[in-house]
Amino acid sequence: MKTPSGDIAGEARARPNTHLRALATMTLVMLFAFALGAKGLNADIVWLDEMFSLGNMGAFDPPYSPQDVVNSLRTYSPDHVPLYFVLGSQWAQLVGWTQLPLRYLSLLFGALLIAALFRFTVEVLGKRAALLAAILLSTNGFVILYFHEVRMYTLLLLMAVLHCWVYWRLSSGRRVSWQSWLFFVATAIAVIYTHIFSLYFLAGLIMQHLVFSPKSRRWLAIVAGWLLALLTFLPYVTVFSRGFFGVTTSVNTLSNALTTPELALSVAHVLVNDRLDLWIPIVFLTGLALRAKRQPAFLRLLSIFVGMMLTLFLLNGVFRVIGINRMRYFLLAMPFFVIVVAHLLLSFRRWGAIAMLFVLVWMAGGYRIYQLAERWTYGGHHTLLMEHPPLQQFSDALRGAARAQDYMFGFAPSPMINWGLKHGWTTADYYTQVGLGIDGGFVNARLRGEELSQDIADRLDNNPFLLFVYDPSNKPTVFDDVLEAIQADYTKCEVLVNRDTVFVQRYVYHSLACDRVHQPIVYDNGIKIVDRFGDYRADKESIRVVTGWEVADEAQLDQYNVSIQLLTSDGANVRQTDRHLYDEILKWYVAEMSTEGLHPGEYRVVVILYDRYSKAKVNGADLTSGLSAKIHPVIQFEIEA
């Protein structure tokens, strides 16, 4: 027979084992969630909203200071708040601007979210409920979609859970340090400055505080902390209000806004992994829990969730801002919903079989959403799946092989890839300019005939160095037409990549050699010619001159002009074409001059950079020859008798 002291000793030995089992289980849950979020991190293309994030972080003109980020948001996205964008901008300056490290930040926040949810739920409802809540959240397909997007939602959920956790400690009446009060205010500010829809989370939390928390000096101190956090938002109110009312009154928003019944049905799908049948046990078990009136902590959490939902439905009824593409606004309710569900499933032991079946059905629904990804209705960006070529694969394949003067050229199923977004940059620009440091353009594969020929000419005319990229397993109908157009003016060079889904071949303009050494010029004012060459066409009695330009400062575009001059052997100017630098000649400027009527003899073409106001020529150093001069040769040729 065991003594009481023996029982106590046995419990003491068992407790570490319980902790170890919980730790091991949570480690597996976090690894599982991390793996789900990491899949496709560097594969699926950045979509529209991610492009907006990248532009506001400064991906196309780095580095951005925090003030630069705020200024960008004020100009292009005043309906958003700056915390995530500032963090993302600073993160990118450490790890780079490609999608893998940028998306990793959201994945990191997501993993921390699972851990924070577990710790909070342990403190409120116990370890078993915490483990189940972590499992439910990590297998919610809609939540996992945002683990690998350059968006603010995993940070938002993390900050909300952390804020609720510290609030719970403060409202419990236990003694806390001043650091806890500071953390309470800081997380409230962080939530507000991550996404403005966090206000419906705070509304649910505050309503619960008014109803359940005992009125005391600490109760007032908590309210004061919330007021202080809200006051910090006052400097941003004018900016945000302009953007918010601009969005809520736009024709696009109003035409897509959901009615209250439509919204209720949509959020019902989102919360339970698109398995509406799961609402039957949830409603049934909630009724039993309310009837039993057990677990005041559960009732408080349920009231937070209900308050959040009522507030958001009320806001949507007033402003009509939530459409089918904006179901992500309900993500903030998900952590509190899964905690409620976990408690319900564990509270009534007689319903254990139902609980097990519930979790299996939940996981199956989450896996279906996860597999569908962008094709799932509520993903908000399913249209991109078939509208873009595999740009990330192209970019990865060419990393380290592309040269500064190259131009990536290929196909796109639609013109969407070439559309300039809020900052004027296209999705193609992100993968070519940010990812590889080169320019690029893609032919609209839906065009035919004269329209196709014009689209090809527009993209090729000013780019002498091509990287022709495509997926050999998925050639478009217009492939042969495009290849014929390339081969008419370009010489085929080496194959850079030859894989099942990526093929890249280098081409150069026909007057150049594949192994040609470039002829850059660096001017004293920082302007640079990255390369220059000419092509005399005797049969057409014309000369074509190509120069590639880069400026050190945008102000130089207005200050300087470029002159291409055709000179005789004794230096007489017989033809000339001048152009302002600001006339969109960057990067490649093509000048054509007629040689009709010129006498037989030797001729040369030169390039001159000069100040458009003083007419003073700018001195430049030829990096190939070492020549320093104000007039630089491009080509010499002879007109025969």
Side-chain angles (χ1 to χ4, degrees), residues 116-126 129-130 132-133 136-137 140 156-157 159-174 184 187-188 191-192 197-216 218-227 229-230 260 263-264 267-268 270-272 278-279 281-317 329-348:
L117 179 82
F118 173 77
R119 286 296 297 120
F120 169 53
T121 312
V122 165
E123 201 157 302
V124 177
L125 295 174
L132 184 53
L136 293 176
L137 189 64
N140 181 273
L156 176 64
L157 268 61
M159 289 297 106
V161 170
L162 290 176
H163 180 71
C164 200
W165 184 9
V166 71
Y167 160 77
W168 212 270
R169 290 192 164 193
L170 295 178
S171 62
S172 67
R174 71 176 71 175
F184 173 73
T187 51
V191 165
I192 295 170
F197 266 75
S198 60
L199 292 178
Y200 85 85
F201 155 68
L202 291 176
L205 194 58
I206 291 170
M207 283 190 279
Q208 175 274 151
H209 184 68
L210 294 174
V211 173
F212 287 94
S213 294
K215 309 305 181 288
S216 64
R218 178 169 288 196
W219 184 91
L220 288 174
I222 291 172
V223 173
W226 279 324
L227 289 175
L230 290 171
T260 298
L263 189 60
V267 74
V270 169
L271 290 175
V272 292
L278 293 181
W279 281 106
I282 290 174
V283 172
F284 177 70
L285 292 174
T286 301
L288 292 179
L290 292 176
R291 183 178 178 183
K293 295 181 181 180
R294 295 197 297 263
Q295 284 280 8
F298 163 74
L299 295 178
R300 291 176 64 185
L301 286 168
L302 180 62
S303 70
I304 293 172
F305 172 73
V306 172
M308 290 172 67
M309 292 295 97
L310 291 176
T311 303
L312 194 54
F313 274 81
L314 178 63
L315 287 173
N316 190 62
Y329 294 162
F330 279 95
L331 280 170
L332 193 49
M334 192 65 69
F336 307 97
F337 178 72
V338 297
I339 295 174
V340 167
V341 171
H343 173 79
L344 292 173
L345 294 176
L346 294 173
S347 293
F348 302 93

*Step by step, would you call S198 with M159 a side-chain contact (heavy atoms from CB on, under 4.5 Å)?*
CA-CA 10 Å; S198 60; M159 289 297 106; over 6 Å; no
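- In this structure, Y200 contributes its side chain and Y329 its backbone to a donor-acceptor pair below 3.5 Å.
- F336 is listed as a side-chain neighbour of C164, based on a closest heavy-atom distance under 4.5 Å.
- Put simply, the side chain of L344 reaches to within 4.5 Å of the side chain of F298, judged on heavy atoms.
- V211 is not listed as a side-chain neighbour of S303, based on a closest heavy-atom distance of 4.5 Å or more.
- Taking the side chain as every heavy atom from C-beta outward, L302 and L290 approach each other to under 4.5 Å.
- Atom-to-atom distance recorded for I192:CD1 and H163:NE2 is 8.0 Å, nearest 0.5 angstrom.
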*Intermediate values then yes/no, side-chain contact (heavy atoms from CB on, under 4.5 Å), V338 and L117*: CA-CA 10 Å; V338 297; L117 179 82; 4.1 Å; yes
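- Interatomic distance, T187 OG1 to W165 CH2, rounded to the nearest 0.5 Å: 11.5 Å.
- Formation of a donor-acceptor pair under 3.5 Å by the W279 side chain with backbone atoms of A268 is found in this model.
- Between V191 and A160 the shortest heavy-atom distance is CG2-N, 3.7 Å.
- Here the closest heavy-atom approach between residue R218 and residue R169 is recorded as NH1-O, 4.2 Å.
- Residue pairs meeting the salt bridge (Lys or Arg N to Asp or Glu O under 4.0 Å) criterion with at least one partner in residues 330-348, sequence neighbours excluded, do not occur; the list is empty.
- Ring pair W219/H209 is parallel by interplanar angle, where below 30° counts as parallel and above 60° as perpendicular.
- Remark: the backbone N or O of Q208 is not paired with any side-chain donor or acceptor of R300 at under 3.5 angstrom.
- Side-chain contact between T311 and M207: present, with at least one pair of heavy atoms (C-beta onward) separated by less than 4.5 Å.
- Note that CD of E123 and CZ of F118 are 11.5 Å apart. Values are rounded to the nearest 0.5 Å.
- Summarising the geometry of A133 relative to A342, their closest heavy-atom pair is N-CB, 3.6 Å, with the distance given to 0.1 Å.
- Put simply, the side chain of F201 does not reach to within 4.5 Å of the side chain of L156, judged on heavy atoms.
- Contact check for F337 versus L136: no side-chain heavy atoms found under the 4.5 Å cut-off.
- Residues L301 and L125 form a side-chain contact, since some pair of their non-hydrogen atoms from C-beta on lies under 4.5 Å apart.
- Between Y167 and S213 the shortest heavy-atom distance is OH-OG, 3.2 Å.
- Between atom CG of residue L230 and atom CG of residue L199 there is a gap of 7.0 Å, rounded to the nearest 0.5 Å.
- With values rounded to the nearest 0.5 angstrom, I304 atom CD1 is found 11.0 Å from I206 atom CD1.
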_side-chain contact (heavy atoms from CB on, under 4.5 Å), that's the test. Do L271 and F330 meet it? Break it down for me._
CA-CA 8 Å; L271 290 175; F330 279 95; 5.5 Å; no
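- Nearest heavy atoms, M334 versus V270: CE-O, 3.7 Å.
- For the atom pair CE (M308) and CG (L205), the distance works out to 9.0 Å, reported to the nearest 0.5 Å.
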